Amino acid sequence: MKKPFITVLFLFSGGALAQEPINLECRMENVIDEPTYFRLFENKDEVRRPVDLPVERITWSATVVTISSEIERSSGANRTIRRSRINRETLEWTYIDYARNMMFEAGKCKIVATSKIKI
């Protein structure tokens, strides 16, 4: 059990030092949907997309990576519409869709090579 933890921790830390992205492929158990992909840079906390798409905020802790998609209101305030939490040790994935009032807890991510996916 300790060896996978060290490998995952090393990959997360090593990716930041080399400025290489950490590419994750995440799936929910018993759900047929296509996988969700994340490309993370540990030293960056926020990625903005074009104006018509949500803002994504990424926060890092020692145990969890949280990715929040938000929409900007005309008042300038943000409203969270989706949130993903990925456990850094086990790569378990929790997905919450606030707009549809749905929560999935039984997800799993795996680290994939950059050349295998286009995000």
Side-chain angles (χ1 to χ4, degrees):
M1 180 73 177
K2 197 171 192 170
K3 187 176 181 180
F5 171 71
I6 292 170
T7 303
V8 169
L9 187 59
F10 173 76
L11 287 171
F12 274 105
S13 299
L17 293 174
Q19 296 298 313
E20 291 293 320
I22 301 160
N23 297 296
L24 298 175
E25 177 184 288
C26 302
R27 294 181 179 267
M28 285 295 156
E29 291 179 12
N30 302 318
V31 177
I32 301 174
D33 291 346
E34 292 291 317
T36 298
Y37 293 98
F38 297 103
R39 177 168 289 160
L40 306 174
F41 291 86
E42 190 164 6
N43 60 340
K44 295 186 179 179
D45 294 332
E46 181 177 334
V47 176
R48 286 194 176 265
R49 294 181 173 184
V51 176
D52 57 336
L53 295 173
V55 174
E56 290 202 77
R57 299 190 187 283
I58 301 170
T59 56
W60 298 83
S61 76
T63 57
V64 177
V65 177
T66 303
I67 304 154
S68 300
S69 295
E70 303 173 344
I71 55 173
E72 293 184 66
R73 298 179 179 176
S74 57
S75 65
N78 289 337
R79 181 177 141 243
T80 302
I81 56 172
R82 287 185 296 273
R83 179 168 289 150
S84 289
R85 289 191 182 110
I86 302 168
N87 182 303
R88 293 181 71 177
E89 180 179 343
T90 63
L91 294 181
E92 291 175 350
W93 178 40
T94 301
Y95 173 77
I96 305 166
D97 187 330
Y98 295 100
R100 295 184 185 147
N101 200 23
M102 297 177 357
M103 179 173 177
F104 298 97
E105 292 183 323
K108 195 73 172 170
C109 297
K110 65 180 180 179
I111 298 172
V112 293
T114 305
S115 61
K116 291 185 179 181
I117 60 170
K118 290 183 180 180
I119 299 178

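All values below were derived from every heavy atom in this structure, side-chain atoms included, with hydrogens, water molecules and symmetry-related copies excluded. Predicted, not measured: the structure shown is a model, and the values here were computed from it.
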Among Ile67, Thr66, Val64, Ile22, which residue meets the side-chain contact (heavy atoms from CB on, under 4.5 Å) test with Ile86? Ile67
Within the 4.5 Å heavy-atom criterion, are Val65 and Trp60 side-chain neighbours or not? yes
I would like to know whether Tyr95 and Arg82 meet side-chain contact (heavy atoms from CB on, under 4.5 Å); could you show each step before the answer? CA-CA 7 Å; Tyr95 173 77; Arg82 287 185 296 273; 2.8 Å; yes
Plane angle bin for Trp93 and Phe38 - parallel if under 30°, tilted between 30 and 60°, otherwise perpendicular: perpendicular
Is a salt bridge present between Glu70 and Arg57, judged by a nitrogen-to-oxygen distance below 4.0 Å? yes
So Glu25 and Thr36, side-chain contact (heavy atoms from CB on, under 4.5 Å) or not? Walk me through it. CA-CA 6 Å; Glu25 177 184 288; Thr36 298; over 6 Å; no
Distance, nearest 0.5 Å, that separates CD1 of Ile96 from OG of Ser84: 8.5 Å
To the nearest 0.5 Å, atom CD of Glu105 lies from atom CD of Glu92 at 10.0 Å
Which heavy atom in Ser68 sits nearest to a heavy atom in Arg83, and how many Å separate them? OG-NE, 3.0 Å
State whether the side chain of Lys108 and the backbone N or O of Thr90 hold a donor-acceptor pair below 3.5 Å, judged by distance alone. yes
Assess the residue pair Leu24 and Ile111 against the criterion (side-chain contact (heavy atoms from CB on, under 4.5 Å)); give the C-alpha distance rounded to whole Å, side-chain angles, the decisive distance to 0.1 Å, and a yes or no. CA-CA 5 Å; Leu24 298 175; Ile111 298 172; 3.6 Å; yes
Using 0.5 Å steps for rounding, measure from the CG atom of Asn23 to the OH atom of Tyr37. 10.0 Å
Ile58 side, atom CD1; Arg39 side, atom CZ - distance, nearest 0.5 Å: 12.0 Å
Would you compute the distance between atom CG of Leu91 and atom CG of Asn87 and round it to the nearest 0.5 angstrom? 7.5 Å
No-hydrogen, no-angle side-chain donor-acceptor test under 3.5 Å, Thr63 and Arg88: no
